[in-house]
Amino acid sequence: MTAEPLLEAQNLAVRYPNGEMALHDVSFKIKSPSFMAIIGPNGSGKSTLIKAFLGLIRPFRGTIKVNGFDSVKNSGKIRKMIRYVPQRDRIELTVPMKVKDIVLMGRLLKKLPPRFASSKDIKISRDALEQVDMVDLWNRPFPELSGGQRQRVLVARALASDGSILVLDEPLSGTDVESQDLIVEALDKYHKENDVSIIMVTHDLNPIHTLVEEVLLLKNTVIGIGEPCSVMDPELMKKVYGPTARIVEYAGHRYCMTRDSGIDRHD
Amino acid sequence: MIEIIQLIMDSPFLQRALLAAVLIAVVAAASGTFLVFRGLSFMAAGVAHAALGGTALGIFLQDSGLVPWFNPILGALLFSVLVAAFTGYAGESGLTQKMEVAVGVSFALSMSIAVFLMYYIPPYRVPQIWGYLIGDILLLNNIDIIMLASTAVLLGFITLMFNKEFVYVSVDMEGSIAHGMNARAYHYLMLIVSALAIALATKAVGAILVYAIMVAPAAASNELVKSVRGVIFSVFLIALVSELVGLTTSFVVFVSPSAIAGILAALAYLLALQIKRVRDRVHVEPKAEKTESDEMIDTFKASLVIDQENNHSHDH
């Protein structure tokens, strides 16, 4: 049986809501299952690409398919497979949600109204929180957590949910080292133990360099695609991140250093 | 005590007023809560005033003989739903700021329509329009109560069924859609049903009181209570207590019950802010876990405090 590719874009172009072109002439194919990263600087169209294949934005031209399903015609089928972690600041903090409510959301969103949580849902949610070391805060109000803790809860929400594709939008930005490590480890373990694909948007590949199988380097179009070390090419990096980008080799892997590299970056 | 029950038994207008107080507390709990979660408290004001504009249009159409069968309440409902739909359309992307602007624009538009039409309406019917602004809970008739009750029941049922969806739309619209929920449908459902309930409540108690009762208890509860269910329950209590105290006061002193209720609801919010400040100062060290029932008790205590304060204030 030839498996459908995880993602397949053909001549894709997407506009921002303000009419500016976010992505143009994007064509690529990623095999399934995979742990892939979409990287590129701010404003390079990474999040837009995610929104396009989730069917949240209509492509301006071309198509993108997830496991063979078209993002426009079959968005319902795609969304059944998806578990999504949006950028952390997209979560509204005015609602008095507890940690458990957020994590259970991942399970209840896949059910029909009135979406009652069964004891199985609660067990799976607790296990997911255990993975990111947050289960002790089960009853804690979500808005009172630190940024890194909130991000961990959101990752747990995705781990607790159902669906063969995890999509994470900048899950590591503005988080502390401890949270970063916990998230990366949990995702790696989950990917290896289950038959799921992970698609992660990040502007810093280094924390997940050794885990990802494929990298898509974007700057409004595809600049590079392939294994992490092949994308970490000095010429490619300079093209995307400017002349200050350096490639550092460490323990047999190539890492990219830019001026804004660092863990406690907040953008 | 027996005298009070006797009084209530003997006066149907008082029974209707008490019933309306309970129904409006239900509307506040079911709708005001979610509007405040959504950051859309201003929509309650926008819809209430749109109802006023709609009534003016209804009276005009009826009185000018253009559409003689057109009941002004239809105009009120129509305008409210239009405001909700317009607001919903502006906020489809999930941006609250855009919805606030849409509410502001429709608020201005419907008030302008009301003022414009007032010149073409016979003067004896103009007070009917202003009735939507002030309202009087003691002057309700049976039809008012039936209409209010049926929307309150509908709203209550929809909230029981879909409260999780309404919360999810408010917390994470994008994530909800990506996980396969039809967030757009729930977004409109919540706004339109709220708008219908607000419009009918406006006819009963007036735009200003509706705004106070829809927003202030929810805002107060959201400061203090830390679970969705707790907030809904606490909104109901604060709204009901404010209205009942308002009604009672109007028998002792010559004063509009709505005015007292509105003032009390607003005071509840100020009190909540104050309690929160004190609490934040006290709890510098990590606080112990609280259970949901604890919060309900707290809320209840908080509403008792408000109640006591009020009783205290009418003693002199």
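In what follows, every chain begins at residue 1, and chains take the letters A, B, ... in the order their sequences are listed. When reading the values below, keep in mind they use all heavy atoms of this one structure, side chains included, and skip hydrogens, waters and symmetry mates.
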*Under 3.5 Å side-chain donor-acceptor pair for A:Arg152 and A:Ser179*: yes
*Between OG on residue A:Ser197 and CG on residue A:Leu6, distance to nearest 0.5 Å*: 4.5 Å
_B:Lys276 side, atom NZ; B:Leu271 side, atom CG - distance, nearest 0.5 Å_ = 14.0 Å
*Is it the side chain or the backbone of A:Leu112 that comes within 4.5 Å of chain B heavy atoms, both, or neither?*
neither
*Pick out which of A:Ile50, A:Val85, A:Leu172 makes a side chain to side chain contact (heavy atoms under 4.5 Å, CB included) with A:Val201.*
A:Ile50
*Among A:Leu154, A:Val167, A:Thr94, A:Asp162, which residue forms the greatest number of heavy-atom pairs with chain B at distances under 4.5 Å?*
A:Thr94
*Against chain A, label B:Glu174 side chain, backbone, both or neither, depending on which of its atoms sit under 4.5 Å from a heavy atom there.*
both
*chain B heavy atoms under 4.5 Å from A:Ile91: which part of the residue, side chain, backbone, both or neither?*
both
*chain B heavy atoms under 4.5 Å from A:Ser75: which part of the residue, side chain, backbone, both or neither?*
neither
*What part of B:Val231 lies closer than 4.5 angstrom to a heavy atom of chain A: side chain, backbone, both or neither?*
side chain
_Here's a test for you: under ring-ring contact (aromatic ring centres under 6.0 Å, His included), which of B:Phe166, B:Tyr168, B:Tyr186 qualifies with B:Phe34?_
B:Phe166
*Parallel, tilted or perpendicular: which describes the rings of A:His191 and A:Phe35, with under 30° parallel and over 60° perpendicular?*
perpendicular
_Less than 3.5 Å apart, any donor N or O on the side chain of B:His179 or A:Arg157 sitting next to an acceptor on the other?_
no
*Select one option (side chain, backbone, both, neither) describing which atoms of A:Pro141 are under 4.5 Å from chain B's heavy atoms.*
side chain
_With chain B as the partner, which of A:Leu109, A:Asp101, A:Leu56 has the greatest number of non-hydrogen pairs under 4.5 Å?_
A:Leu109
_Which atoms of A:Met97 are under 4.5 Å from chain B, going by heavy atoms: the side chain, the backbone, both sets, or neither?_
side chain
